[in-house]
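Please read the structure below before turning to the comments.
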Amino acid sequence: MHGQAENSGPGGYAAARLRLLNEKARSGPPRRSALAGLTDDWLAGLFAAGAPGARGVSLVAVGGYGRAELSPRSDLDLLLLHDGSATGAVSALADRLWYPVWDLGLALDHSVRTPAEARRTAGEDLKVQLGLLDARHIAGDLGLTTALRTTVLADWRNQAPKRLPALRELCEERAARQGELQYLLEPDLKEARGGLRDVTALRAVAASWLADAPREGLAEARSGLLDVRDALHLTTGRATDRLALQEQDQVAAELGVLDADALLRQVYEAARVIAYAGDVTWREVGRVLRSRSVRPRLRAMLGAGKPAPERSPLAEGVVEQDGEVVLARAARPDRDPVLPLRAAAAAAQAGLPLNLHAVRRMAADARALPSPWPAEARQQLLTLLGSGRPTVDVWEALEAEGLISLLLPDWDRVRCRPQRNAVHLWTVDRHLIETAVRASAFTRRVSRPDLLLIAALLHDIGKGWPGDHSVAGEVIARDVAARIGFDPADVTVVATLVRHHLLLVETATRRDLDDPATVRSVAEAVGSPGTLELLHALTEADALATGPAAWSSWRAALVADLVKRVSAVLAGQAPPDPEEALPTAQHERLALEAVATGAPVLSLRAQTEPAAEPSDDPEPLGVELLIAVPEQAGVLPAVAGVLAMHRLTVRTAELRSLDLPDGVDGSVLLLDWRVAAEYGSLPQAARLRADLVRALDGSLDISARLAERDAAYPRRRGVVAPPPRVTVAPAASRHATVIEVRAQDAPGLLFRIGRALEDAAVRVRSAHVSTLGANAVDAFYVTQEQGVPLPGEEAVAVARKLEEALRA
């Protein structure tokens with residue numbers, strides 16, 4: 001016990017508390033326990049001063065404080081328990097307790113109840129009951145506290161068959177609302193799935209005696225999350241459970257962790273242990289409750305005696321029992337190295353979970369597979385990867401017990417690795433499994449589904465290594481594919497797929513597909529029609545597994561167009577030269593009207609693509625915006641600025657001079673753009689044309705209009721974006737110089753780029769705009785006034801000036 005004389009006053013407690021929190025030598029569980037003890041002594045002193053020798057009243061800690069786990073800014077959850085004999089005195093005592101707590105600025109969750117009231121409230125409110133399960137006596141009548149604890153625990157066990165399903169529903173609702181802790185870039189350590197609330201729920205399940213959570217690693221995971229929360233409270237000075245991006249480096253430093261990524265990885269590892277324990281525990285609760293409801297009827301039908309559970313064979317050494325996949329009695333994991341893959345494949349194919357004890361037995365007795373793997377092992381892995389959505393849970397069960405690391409040692413480098421990109425929904429390892437799940441739906445459209453599935457599993461495996469992950473991944477994929485047992489030709493295909501898994505989508509969205517150099521470069525990288533077919537499927541699976549911002553009908557159409565062009569080249573056909581392309585009748589009509597009027601002419605036409613599912617509506621690819629304008633300076637920034645004013649997003653932008661029919665004087669610039677409304681409906685073409693006319697004649701100050709809008713709707717504070725980067729893409733085209741811009745996406749960005757390029761006195765031949773989450777990745781094909789590529793030094797200078805303009 002700490003000295004009550006020292007700590008009975010608010011000043012003494014506050015000073016002692018501050019000393020404890022600043023004591024670097026003591027952290028983690030010892031500090032939380034010491035803080036709880038210090039607080040106990042202070043509150044016991046307040047209680048003794050307010051109710052000397054009182055009987056029939058006690059002070060009880062509940063919830064996290066009841067577990068003696070006080071983080072620096074934790075709430076104090078207190079119950080003043082009394083027998084009802086002196087309510088006036090109890091009210092006065094409550095004031096003597098609560099006001100000093102509030103005076104120190106500590107958060108307080110308090111209640112004053114008799115045992116009967118506490119019991120009734122617990123019966124009505126599940127959260128109150130969970131808090132009382134951790135009730136701990138602080139001061140006063142110990143018998144009163146002990147009786148309440150005994151009664152509440154008995155009630156919980158008696159009501160468990162009804163209360164546990166409600167608790168599970170509560171956990172599922174919270175998970176749906178807060179997300180999964182093991183994948184969030186700014187996780188809530190308490191409320192998200194796999195967080196501290198779930199550990200409390202697992203403790204409640206254990207207290208019911210119906211089931212118990214897997215204990216291996218659970219205490220360490222819980223303690224690890226509490227340590228992170230302690231550091232978060234200390235570095236922010238706030239009672240927060242959300243690990244915000246801007247605070248992760250400070251929290252990592254407080255914990256002595258290398259950096260924010262290492263911190264997140266630790267958090268994800270802990271969350272994964274807790275989430276998996278929850279899955280196993282709730283499955284066991286369901287099994288027990290089902291058996292309790294069925295057993296009385298069986299006993300009535302069969303008489304005394306417990307019926308033997310049914311066991312249905314699934315594969316050699318693997319059977320189904322009670323809705324789970326377990327090992328057959330004759331199975332010998334120590335002599336059958338393929339058994340873990342066979343059991344996993346059987347479970348995924350049947351859509352059933354792997355039994356925890358079966359997985360642990362296989363992990364304990366597993367032997368490493370020979371290199372190369374036997375054919376059966378390779379086939380079982382492919383069956384597992386090709387099973388669709390059930391693959392995820394089965395893979396996580398194997399991973400939780402270390403079997404994936406045994407089968408694929410390179411997996412450890414990507415396990416729980418965060419991806420600091422808002423486009424990505426998952427950690428690297430989960431993204432790889434999600435890609436395999438997506439790829440399993442495409443196995444009927446490729447001639448080598450086995451290579452597609454392996455490439456899906458390995459395409460980002462290089463993210464665990466320094467440098468370009470595609471380059472590093474190619475080396476790892478080559479080694480893993482050979483170890484799994486593919487022949488040299490197949491190993492080369494898998495390595496090529498991993499090396500170029502971003503090639504199609506990056507080329508389709510950032511390069512001019514009418515440029516023969518673009519198509520030829522892809523054909524040379526891919527090498528064969530079979531590899532192209534696989535790369536097309538892998539590209540879509542990868543994007544779908546990344547998140548909704550990474551794939552759309554628009555991107556799909558661009559990639560399909562590129563694949564079609566590359567297929568023709570691989571079949572021996574030469575790509576058409578864009579310089580020889582003839583204008584369409586519509587292009588020529590707009591150009592002639594622009595010459596006749598001396599002003600811009602616009603055409604808007606919606607483009608749609610049939611939806612993937614028959615029940616869905618067609619998804620818009622955007623609107624085709626055709627503009628013909630007498631050739632003059634400032635066209636690109638003028639058009640981009642007008643579109644930004646009307647809140648139109650540019651997806652692709654092509655600009656070129658149009659040859660007019662013989663006998664027609666003048667020069668016309670044709671803009672063929674694909675645009676989409678940020679929200680709401682599209683503006684009328686007449687309004688766009690009127691604003692464009694004003695922008696070109698200088699009567700519309702676009703910069704001022706965009707600045708006014710930004711001032712009226714200021715952006716919220718958030719993470720500071722990295723600075724823009726502008727580079728020259730080497731040898732990307734023989735017709736133009738390709739300048740790449742990577743920057744934070746923002747309204748008016750294309751206008752600013754166009755104005756900077758106009759100031760640099762270069763002609764923009766085409767622009768290819770791609771937005772991934774908050775990041776814009778744009779490519780501009782530029783030439784000199786004579787229509788030829790820029791010399792090397794001039795191209796670098798233009799890129800440098802553009803970067804400086806965007807940083808300003």
Side-chain angles (χ1 to χ4, degrees), residues 183 385-386 388-389 391-392 414 419-446 449 451-463 468-470 473 477 494 496-511 513 522 525-526 531-564 566 609-613 616 619-622 649 651-652 674 676 742 745 768-779:
Y183 304 121
L385 295 176
R389 187 54 51 190
T391 299
V392 175
V414 296
Q419 307 208 69
R420 292 192 174 276
N421 186 326
V423 174
H424 276 277
L425 294 179
W426 313 108
T427 51
V428 177
D429 54 342
R430 175 63 184 271
H431 169 68
L432 292 175
I433 297 304
E434 287 288 330
T435 305
V437 169
R438 295 289 189 168
S440 68
F442 304 149
T443 52
R444 299 295 182 269
R445 83 184 202 193
V446 297
L451 301 184
L452 172 62
L453 292 170
I454 290 298
L457 180 69
L458 300 176
H459 74 278
D460 274 349
I461 198 75
K463 285 188 174 176
D468 186 330
H469 77 279
S470 298
V494 171
T496 300
L497 294 173
V498 172
R499 173 66 182 87
H500 296 297
H501 69 273
L502 297 174
L503 178 64
L504 294 183
V505 72
E506 288 188 347
T507 303
T509 57
R510 304 176 194 174
R511 292 291 181 265
L513 301 192
V522 174
V526 173
T531 304
L532 178 63
E533 175 189 67
L534 290 167
L535 189 59
H536 189 188
L538 176 61
T539 298
E540 184 170 351
D542 180 19
L544 289 170
T546 296
W551 195 246
S552 63
S553 292
W554 165 68
R555 279 195 171 85
L558 290 178
V559 170
D561 183 21
L562 174 60
V563 168
K564 181 180 177 181
V566 175
E609 179 181 269
E613 300 293 332
D616 296 340
E619 182 180 350
L621 290 173
T649 299
R651 288 178 163 173
T652 61
R674 190 65 53 82
R742 297 168 187 259
D745 189 34
H768 302 270
V769 178
S770 179
T771 304
L772 293 173
N775 297 298
V777 184
D778 304 341

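- Minimum interatomic distance between A537 and V446 (heavy atoms only, all atoms of both residues): CB-CG1, 3.9 Å.
- Residues I454 and L385 are in side-chain contact: their nearest non-hydrogen atoms beyond the backbone lie under 4.5 Å apart.
- The two atoms that bring A508 and L562 nearest to each other are N-CD2, 3.9 Å, heavy atoms only.
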TODO: Before giving the answer on side-chain contact (heavy atoms from CB on, under 4.5 Å), spell out for V559 and W551 the whole-Å C-alpha distance, their side-chain angles and the decisive distance to 0.1 Å.
DONE: CA-CA 10 Å; V559 170; W551 195 246; 4.1 Å; yes
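- Nearest heavy atom pair, residue L425 against residue Y183, reads O-CB, 3.6 Å.
- In this structure, the separation between CG on L535 and CG on L504 is 4.0 Å, given to the nearest 0.5 Å.
- Between Q419 atom CD and T427 atom OG1 the span is 7.5 Å, to the nearest 0.5 Å.
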Practice problem: Report the C-alpha separation of H431 and V414 in whole Å, then their side-chain angles, then the decisive distance to 0.1 Å, and conclude whether the side-chain contact (heavy atoms from CB on, under 4.5 Å) test is met. | Solution: CA-CA 10 Å; H431 169 68; V414 296; over 6 Å; no
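- Note that the NE2 atom of H500 and the CG atom of L532 stand 12.0 Å from one another [nearest 0.5 Å].
- Residues that satisfy the salt bridge (charged side-chain N to carboxylate O under 4.0 Å, His left out) test with R430, not counting sequence neighbours, are E396, E434.
- The structure places OG1 of T649 at 7.5 Å from CG of D745, a figure rounded to the nearest 0.5 Å.
- Distance CG/L497 to CG/L458: 10.5 Å, rounded to 0.5 Å.
- Not a single donor-acceptor pair under 3.5 Å links the side chain of H536 to the backbone N or O of E533.
- Between the side chain of H768 and the backbone N or O of R511 there is at least one donor-acceptor pair closer than 3.5 Å.
- Every pair passing side chain to side chain donor-acceptor pair (under 3.5 Å) that includes a residue from residues 436-446 is listed here, sequence neighbours excluded: R445-E540.
- Here the OG1 atom belonging to T531 is positioned 8.5 Å from the CG atom belonging to L451, to the nearest 0.5 angstrom.
- Residue A456 comes nearest to L538 through the heavy atom pair CA-CD1, 3.7 Å, listed as atom of the first residue, atom of the second, then distance.
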Note to self: D542 vs T546, test: side-chain contact (heavy atoms from CB on, under 4.5 Å). Steps then yes/no.
What the structure shows: CA-CA 6 Å; D542 180 19; T546 296; 3.7 Å; yes
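- Listed by chain and residue number, R272 satisfy the salt bridge (charged side-chain N to carboxylate O under 4.0 Å, His left out) test with D429 (two or more places apart in sequence, or in another chain).
- For A525 against T496, the heavy-atom pair with the smallest separation is O-CG2, 3.8 Å.
- For the residue pair T539 and H501, the shortest heavy atom distance occurs at OG1-O, 3.9 Å.
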Discussion item. Evaluate L457 against I433 for side-chain contact (heavy atoms from CB on, under 4.5 Å), listing each step before the verdict.
Written reply: CA-CA 6 Å; L457 180 69; I433 297 304; 3.7 Å; yes
